[in-house]
Amino acid sequence: MTTKGNYLGEFEELVLVSVAALMDEAYGVSIMNYIATEAGRDVNISAVHEVLKRLQRKGYLKSRMGGATQERGGRRKRYFNLTVSGRKNLEEAIRTKLQLYKQVPNFSLKLT
Amino acid sequence: MNAHPPKWADRFLAWYCNPELLEEIQGDAHELYFERLQREGKASADRKYIWDVLRFFRWSNIRHTTDAFRPGFFGILWNLNLKIALRNAFRHKTVFFVKMAGLSICLAFALLITAFVIHEFTFDHHYPDHHRVFRVGTAITIEGVTTSYAVSPVALAEGLAEEVPDVEAAGWIMDDSRPVFTIEDQTFNNEVSLITGGNLLKVLDFGFIRGSATALDAPNTIVLTASTAKKFFGDADAMGQTITFGWTTLEVTGIIKDPPANSHLHFNTLISGATYEMNDGWDNVNAYTYLMLKEGTSMEDVQPKIHTSLRDHQDDMIAGREHWASDHITVQPIIENIGAIHMGGYLDEDIARKRERSNLYILIAVTALFFITGLINFLNLSLAEMTANLKKTGILQVFGGSTAGHNKVIITNTLVTIIVVVPLTMLIMAVGFVLSETYLDIHMERSIFMEPVFISVAAGFVTCFAAASRINAFVLSNTRDIVNALKGKLGSGHSGFKVREVLVSVQLSFSMIMLALIAIIVDQFSYINSVDKGIEDKNTIVVKMHDGSFSDATAFVQSVSTLNGVKQADVSSYYLDNVETKEFFEVATDRGSTKMLVAYMNCGYDYLETMGIRLVKGRNFSREHHDDKTTYLINETAAKEFGWKDPIGKKISGPLNADRDAGEVIGVVRDFHFASLHNKIEPLIVFLANEDWGARYTYIKTSPLHTNEVISRIKTEYGKIYPDLPFEWEYLDARFDHLYKDDYEVRDVFKAGLAISILVSGMGIFSISALLLTMRKKEMGIRKVVGASHAQLFVQHLRSFMKFTLIAVLIGWPAIYYLSGQWLENFAYHIDLSPWHFILPALTACLIIVAASGYHGIRSSLVNPVDILKHD
């Protein structure tokens with residue numbers, strides 16, 4: 001499958017930010033909960049997994065298997081971290097947005 | 001923690017989920033479940049868990065995931081297998097070639113025969129409504145003796161159309177054999193013409209290219225087949241052209257497609273019946289009546305009505321035949337679906353081309369045989385190859401290769417084979433098709449190869465082949481025993497080798513069966529050719545006398561007899577193989593006078609001598625005895641049948657003129673075959689040809705030298721008597737051969753089959769012995785070191801193959817006995833099976849084994865033991 005360049009989708013960006021924010025505690029359920037509480041978006045766990053897989057394939061995330069925990073029936077967690085290129089891309093994306101945002105005329109801001 | 005997510009959902013997840021992702025996904029799902037369990041209660045948690053499981057069910061999570069996640073893993077595996085398969089092919093070029101060629105040849109042969117069998121079974125299926133088209137013949141019973149005729153009264157078609165409401169249309173055909181057509185000074189006399197009447201073109205849809213089904217309604221009209229139109233008129237438009245035909249001219253009113261090869265009717269032209277001034281009444285029993293039922297009616301319901309119709313007109317039928325006492329005669333219809341005529345029973349005066357069903361069954365057996373032989377050969381060879389690769393398989397397994405992986409190797413090999421074999425088979429089939437058309441004179445429609453039946457048989461073969469390839473996987477499943485595999489041995493008990501032994505034996509037995517059958521068929525035909533037919537058919541020319549005029553024929557005989565190179569000639573009204581016409585004779589037997597239906601022929605004074613028919617008792621017709629015009633000769637069978645110990649002087653009265661009524665028997669001739677040896681000799685009554693009974697054929701015995709010159713001289717004489725008629729003649733022995741065309745075809749197929757089956761089984765044994773040798777190399781080496789001689793080793797090698805012969809014999813002999821018995825039963829006169837028919841094939845099987853495995857045997861015994869034993 002080909003990667004779509006450096007382009008980040010909206011939900012991908014959200015997940016990437018969440019992983020960055022959660023530091024070393026980023027795995028499927030925690031990311032889902034984080035998005036639910038911080039962004040107020042209820043997403044299905046399978047959607048989160050799908051995006052995580054995709055980001056990993058693009059090389060923005062790396063993963064490692066953690067230790068077993070009781071509440072998972074002894075199953076290990078897969079923890080995610082940002083890679084260097086992931087961080088760069090995230091910063092790039094946010095910077096682009098801010099730059100664009102700055103060019104918005106003031107009156108329209110006032111209207112909102 | 002008593003609560004648990006719904007078990008089935010959990011199991012479902014575990015089933016579909018890619019094992020590599022399962023831990024992570026299941027972990028997350030469970031974590032969420034217990035979180036929800038505490039917050040929202042069990043019901044909600046269960047529901048949401050199920051929902052999650054369903055949501056996880058997506059392409060990237062399920063088993064056999066795309067190579068995207070595990071890049072190139074499966075891709076590499078397949079590539080690797082393909083590479084191995086191709087590398088093996090190139091390394092063992094001979095084995096690979098033998099494998100592919102053997103399979104392709106067998107497949108092609110089996111498919112060609114399949115096509116032929118389908119061709120035979122689909123006779124007349126080209127008529128769009130063939131399931132409701134029937135032909136009506138008549139079975140006439142006179143005093144208990146029934147004769148079945150393909151023909152029926154001319155008036156029957158019209159009668160049925162009027163009297164039976166279920167009949168949609170009815171029509172008839174009469175045979176005009178080969179009339180003379182003249183088109184602008186050009187004469188054509190080799191076109192088979194059929195006279196048609198009634199609504200024939202509605203019943204039989206010949207497929208009009210020009211014109212329509214009403215083309216033959218008017219008199220003096222003719223319809224040509226496409227190829228005949230081209231022959232007559234070249235590229236010019238044939239429609240509306242005129243053709244001079246005897247007393248009149250015909251107008252071409254239609255052009256139809258050539259009848260396909262699998263049509264029981266073969267003709268070049270159709271002429272409207274109204275053209276002829278003919279008797280179209282019930283007493284003209286010479287027409288082939290065809291009818292089409294209305295849609296939705298069944299023949300079972302209609303048959304009684306046809307029977308009634310025939311019975312009602314019975315008196316009309318026998319009008320003018322006073323000797324047929326009407327109260328002793330019953331007439332019944334013989335109704336055949338048009339598709340069943342080709343394979344139907346024998347009928348008198350049939351123009352349809354017939355095929356013995358039993359011959360086709362033999363061919364079907366041969367097809368199966370060939371397919372199985374090819375398959376077995378292939379299996380043997382791939383099994384051999386795989387055994388040779390056992391060590392590799394073992395190593396693969398040590399490194400964690402799975403059974404699935406091993407199966408993939410087999411599947412890849414199968415795919416490679418199919419890719420090579422299918423085009424090769426098609427090529428061989430194309431060549432075989434052309435060869436059989438040119439050399440065996442077997443014509444088939446090309447459309448057969450597109451028939452759904454044919455395609456499904458072909459697909460069935462491929463499926464069987466693919467399924468059979470799995471047998472290897474089963475056999476090799478023993479290689480789970482890794483230790484043995486690494487040693488290069490099959491699993492315990494050498495079961496793989498046992499399977500192979502059986503396969504080779506079966507294959508060998510097939511070759512034996514083919515060989516025996518072909519020997520028996522050839523023997524039977526040489527018997528037919530050598531058997532004393534009671535006549536001398538060599539160097540005998542039969543000339544057709546067109547109008548059958550006795551005086552013209554006599555004049556012709558007199559002029560021909562004086563020619564240089566002609567030994568003798570005489571007339572007869574009947575063609576030798578065609579004396580199927582029977583009449584009713586009153587014979588004075590010991591039990592009193594009885595009426596019997598007996599075959600008869602008439603001939604001239606010199607006919608017996610010309611044909612070499614010997615007299616057993618009494619005398620021949622003689623010019624000195626004037627009353628011989630009313631005397632009879634009978635054959636030996638007739639004498640036996642009539643119960644006459646001394647037939648001379650016994651009285652026979654027959655359907656001849658009044659003055660011939662009570663004739664005296666003056667002699668008995670030796671039985672002679674006037675039909676194919678498929679049939680028994682029947683009683684025959686012979687009387688002198690005269691003006692009233694005509695003479696339709698002249699038999700001329702020539703000297704074997706300069707035959708072409710003699711024939712051209714005869715032709716000149718013929719031209720003097722019949723200036724406008726074509727000279728039609730043939731050799732009598734060739735005519736006899738023609739009677740066995742059906743059998744000859746089977747024989748030729750067998751001859752080709754024999755060569756192929758010996759070739760294939762030889763190839764099989766050759767490669768098996770090569771394999772066996774590799775497996776027993778060390779054993780041979782040790783034997784030699786211990787002191788075995790070359791000869792002993794060679795015998796040792798051969799001995800291991802001789803048990804194949806034994807098994808093959810056990811399978812082959814009963815099969816030979818059964819199959820040949822079935823075939824020989826078709827002949828009234830046939831050879832008896834001799835022990836040689838069993839011993840010879842067995843010896844040949846031994847020979848095949850010695851020849852095919854001997855090469856390797858010698859090689860193995862000559863090799864230096866040091867070279868073998870130093871390995872490992």
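The model shown is predicted, which means the values in this text are computed figures rather than measured ones. In what follows, chains carry the letters A, B, and so on, assigned in the order in which the sequence lines appear, proteins first and then strands, with residues in each chain numbered from 1.
The line from CD1 of A:I45 to CG of B:D28 is 4.5 Å long, rounded to the nearest 0.5 Å. How far CD of B:E31 is from CG of A:N33: 8.0 Å, rounded to the nearest 0.5 Å. Note that CG of B:N61 is 8.0 Å distant from OG of A:S46, once rounded to the nearest 0.5 Å.
Residues A:K53 and B:L21 meet the side-chain proximity criterion, which asks for heavy atoms closer than 4.5 Å.
Heavy-atom neighbours of chain B within the stretch residues 15-31 of chain A, taken at a separation under 4.5 angstrom, comprise A:Y27, A:G28, A:V29.
For the pair A:R75 and B:E23, the salt-bridge criterion is not met [side-chain N within less than 4.0 Å of a carboxylate O]. Salt bridge annotation for B:E24-A:K77: absent, with no cationic side-chain nitrogen under 4.0 angstrom from a carboxylate oxygen.
Atom CZ of A:R87 has 12 or fewer neighbouring heavy atoms from other residues, nucleotides or ligands inside a 6.0 Å radius. Heavy-atom neighbours of B:K42 NZ from other residues, nucleotides or ligands within 6.0 Å: above the threshold of 12.
There is no contact between B:L22 and chain A, counting heavy-atom distances below 4.5 Å. Proximity to chain A involves both the backbone and the side chain of B:Q26, based on heavy atoms less than 4.5 angstrom apart.
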